[in-house]
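To start, the structure under review is shown below, and the notes come after it.
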2 protein chains.
Amino acid sequence: MTALRNIDIDLLRSFVTIAELRSFTRAAAALSRTQSTISTQVRRLEEIAGQTLLRRSPQEVLLTRAGEDFLGYARRIVALHDEALDVVRAQGVSGRVRLAVMDDYATIVLPETLARFARSHTEVELEVTTGFTRDLMNALGEEFDLVLATQRAGDGRGEVLRTERTAWAASDRHDLSLAGPLPLALLKAPNMYREWALEALNEAGLGWRILFSSSSIGAVEAMAAAGAALTVVKAGTARPGLRLLGTEHGLPALPASEIALHLAPGRPGAAARALSSFLAEALREGRES
Amino acid sequence: MTALRNIDIDLLRSFVTIAELRSFTRAAAALSRTQSTISTQVRRLEEIAGQTLLRRSPQEVLLTRAGEDFLGYARRIVALHDEALDVVRAQGVSGRVRLAVMDDYATIVLPETLARFARSHTEVELEVTTGFTRDLMNALGEEFDLVLATQRAGDGRGEVLRTERTAWAASDRHDLSLAGPLPLALLKAPNMYREWALEALNEAGLGWRILFSSSSIGAVEAMAAAGAALTVVKAGTARPGLRLLGTEHGLPALPASEIALHLAPGRPGAAARALSSFLAEALREGRES
DNA sequence: TGGTCAAAATCGAATAATTCAATTTTGGCT
DNA sequence: AGCCAAAATTGAATTATTCGATTTTGACCA
C-alpha cells in the first residue's frame, strides 16, 4: 500500500492537467509521460483521497463532485509550490541581465515565462530585446548577456533547449493550388527560414514567387492565414488560422530547427545565471530530471 | 540528479519540523525516520531550492535568510495539503457518530484532532463523551459507536493504535522520600492504573498509603505535581511539572498500556467509519504506510 | 444486439528513488 | 589539542515509479 498521508506534487499536477484537457492520453502527452503512468497516478491519488475523482468515458473525462472540490486545492497547492520554488531560487540574486530573443518566441512562449521571472526576481533588472537571430548573435557579449536563438538542428552551439519541426503553412480556410509558381510569404533576407524554403523548392524543382516579404513575423503569418500565400513556420509556434503542410502535400521537406540559449563569454553575473537556468527549465521539452 | 521541479510534501514536512525543533535528530524522532534520512532529505531540498536553507551547528539548527522565506511557503503548502485531504475524504460523509474517550486523552491529544475532524466533516453530527474506560466499554454499541480506550498491553482487542509506557510520577521540584509508606495520589477504584500500582507495590513488598483519591485525573496529577504524593501516568501524557520515575529509583515496574479503538458491533455508519479511520491515522504512532 | 473504436486499465519487467544502519566528519567548547 | 554531540556520508536493501505491451471498457452506430 502506498503512503496515505502525502500526495506527491506530481500527482496533483497530473490531476490538474487531466481536468483541464479532459483526457488521460492528452495529459500524458502534455506531461511527457505514458498514458499508463497517468492512469496509475490517478489510481494512487484516488486511493489516497478515498474517493473517485474522475468519471471516465471513452469520449471524455469529467470531474466527480469530490473531484471538483479537490481540483481547487490541487491548483492552489501546485501554484504555491511553484511560487515557493521561484522565490527561494531568486533569493539573493540581483543585478542586471540583458536578454535577446528571436521574434517568434517573443510573442508565443516567452511573455508568460518572463513575467514569472520578473515577479520572483524583484532585485533583478531585466532588459529584453527582440530581433532576428543573426543580428542578436552578433551582439552577444556586447549588447546582450543572453541570446535565445534558432539554429539548424544539429548545430549544437549554446545550450539546446528543444527541437522544433519546421513546416510549410497555409490558411486552414483556403485551398492553395499547388500548380504553377507557388506564392510565398517570407521574412526579408537575410533569414534562415527564407533560405531553407527557397533551397528546398529549388532542389525539388518547384517554381515559386515571392508574393510578400516583410521583416515582421506577424505580417507574414497574417498574409499566409489570409489564404494568399504559403509560408514557413516552426510547428510549435503556429498561430490559429494556419494549417501545417508537409511532404504528403507534395511539398519538399525542410530542416528541423533547434532553440538554443547562448551565454555571453566570460563569467556571467548572478542575474544572468538565474535567468539562464530559469529559461532552460521553463522551455526545455520532455521531463525535468 | 533528482527532479528539479517537484518537491515532495515529505521534504516540506521534514523541513518544517526541523525548523520547529531546531534539530535534525529530534525531527527524525518526531517523524519516525532516521537522522540520516532527514539529512538526505534536507540535502535534496536544498539542491532543488538552489540555496542553503538551514545553518547547522552542533548546538542547534537555524534558518538562513532563504530558509525563513521558504518556511512560510512550506507551512502553507503542507497545511493546504492536509486540509485538502481532510476535505476530500469527508466528501459525502454524513450522519451521527457518538465517540467515547478516556479522560486523559480527552485533554492532551484529542481536542485538536477532533476539531480538525469537525471542521472538515461539516455534515457529521459528532458527540463526544469522556469517562473511564470500564464504563465506556460497557456502553459500546448502546450509547457509543466508537470507544477510545486504554487497556493492558497485549490485550489486543479493538484496533490498537499505540502502546504507551506506564510510569510512576512525582513533582519535578520536590524530592520524595522513598522511606516509609509511599504517599499515593490515585484515581478512585475501580481503575486499572490504581490496581496496577497497588499490585506492583505489594509484590515488591513496599509500603504505601492512599493520600489522595479522586475521580478527576486533573486533580490527581495536580496533587502529585504539588509534591505531596506519587502517582501513575501514561508516559506520553505526563503534564509539565511531573517527573517520571522508574525502576532506577527503586520503584517496581508497571505494565505497559495500549490505546485501542473499539467499534460497536454491527455495520458502522459512514460517519463512524470516517471518524474511526481519521482517529486511527492521527493517533497511530510510527509512520503511515 | 452485436460490432467497432478510441481511450483507460492492467500486468510484468526494468529502472529509479528512498530508506536504513554503520561509520565518519564537523564545529563549538573546555 | 581533545572531546562530544550532532550532522554528513556511504553502500546495500528495499520500495516505488515508469514503461511497453496487452486487455478491458463503454459509448455509439449499424
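Lettering follows sequence order; numbering is per chain, from 1.
- The CZ-P distance, from B/F24 to C/dT26, rounds to 16 Å in whole Å.
- Across the protein-nucleic acid pair, A/E47 atom CD and D/dT17 atom P stand 11 Å apart, rounded to whole Å.
- Spacing between atom CZ of B/R33 and atom C1' of D/dA6 amounts to 20 Å, rounded to whole angstrom units.
- Under the 3.5 Å distance criterion, the side-chain polar atoms of A/S120 are left unmatched by any main-chain donor or acceptor of A/V87.
- Taking atom CD1 of B/I18 as the reference point, atom C1' of D/dA8 lies 13 Å away to the nearest angstrom.
- A salt bridge links B/E20 with B/R75: the closest approach of a Lys/Arg side-chain nitrogen to an acidic carboxylate oxygen falls below 4.0 angstrom.
- Exactly one residue among B/T17, B/I18, B/L11, B/T25 makes a side chain to side chain contact (heavy atoms under 4.5 Å, CB included) with B/I38. That residue is B/I18.
- Helix-axis bend for the helix from C/dT1-D/dA30 to C/dT30-D/dA1: the local axis fitted to the five terminal pairs at one end deviates from that at the other end by 30°, rounded to 10°.
- Regarding contacts with the backbone of D/dT17, a side-chain N or O of A/R44 is found under 4.0 angstrom from either OP1 or OP2.
- In terms of heavy atoms, B/Q91 sits closest to A/Q51 at O-NE2, 3.0 Å.
- Counted within 6.0 Å of CD on B/E112, heavy atoms from surrounding residues, nucleotides or ligands total 12 or fewer; the atom is thus considered open.
- Proximity of B/R43 to the phosphate of D/dA7: no side-chain N or O atom is located under 4.0 Å from OP1 or OP2.
- Taking the charged nitrogens against the carboxylate oxygens, A/E60 and A/R22 do have a contact shorter than 4.0 Å, which makes a salt bridge.
- The side chain of B/T25 sits closest to D/dA7 out of D/dA7, C/dA8, C/dT10.
- Residue A/R26 contributes atom CZ, which lies 14 Å from atom P of C/dA6 at whole-angstrom precision.
- Atom-to-atom, CG of B/L31 to P of C/dC20 comes out at 11 Å; the value is rounded to the nearest Å.
- The pair B/D86-B/R116 meets the salt-bridge criterion, with a side-chain N (NZ, NE, NH1 or NH2) lying under 4.0 Å from an Asp/Glu carboxylate O.
- For A/R55 and C/dA8, the CZ to P distance is 15 Å, given to the nearest whole Å.
- A/V42 comes within contact range of no nucleotide atom at all, as no heavy-atom separation falls under 4.0 Å.
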How does each nucleotide of nucleotides 21-30 of chain D score, in 5' to 3' order, for protein heavy atoms under 4.0 Å: base (B), sugar-phosphate only (S), or none (-)? B----BS---

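- One interatomic measurement links the two molecules: CD of B/Q41 to P of D/dA8, which rounds to 12 Å at whole-angstrom precision.
- Among residue pairs with one or both ends in residues 20-72 of chain B, those qualifying as ring-ring contact (aromatic ring centres under 6.0 Å, His included) are B/F15-B/F70; sequence neighbours excluded.
- Ion pairing of A/D10 with A/R33 is present here, as a side-chain N (NZ or NE/NH1/NH2) and a carboxylate O approach within less than 4.0 Å.
- If you check every strand for non-hydrogen atoms under 4.0 Å, A/S39 touches a base.
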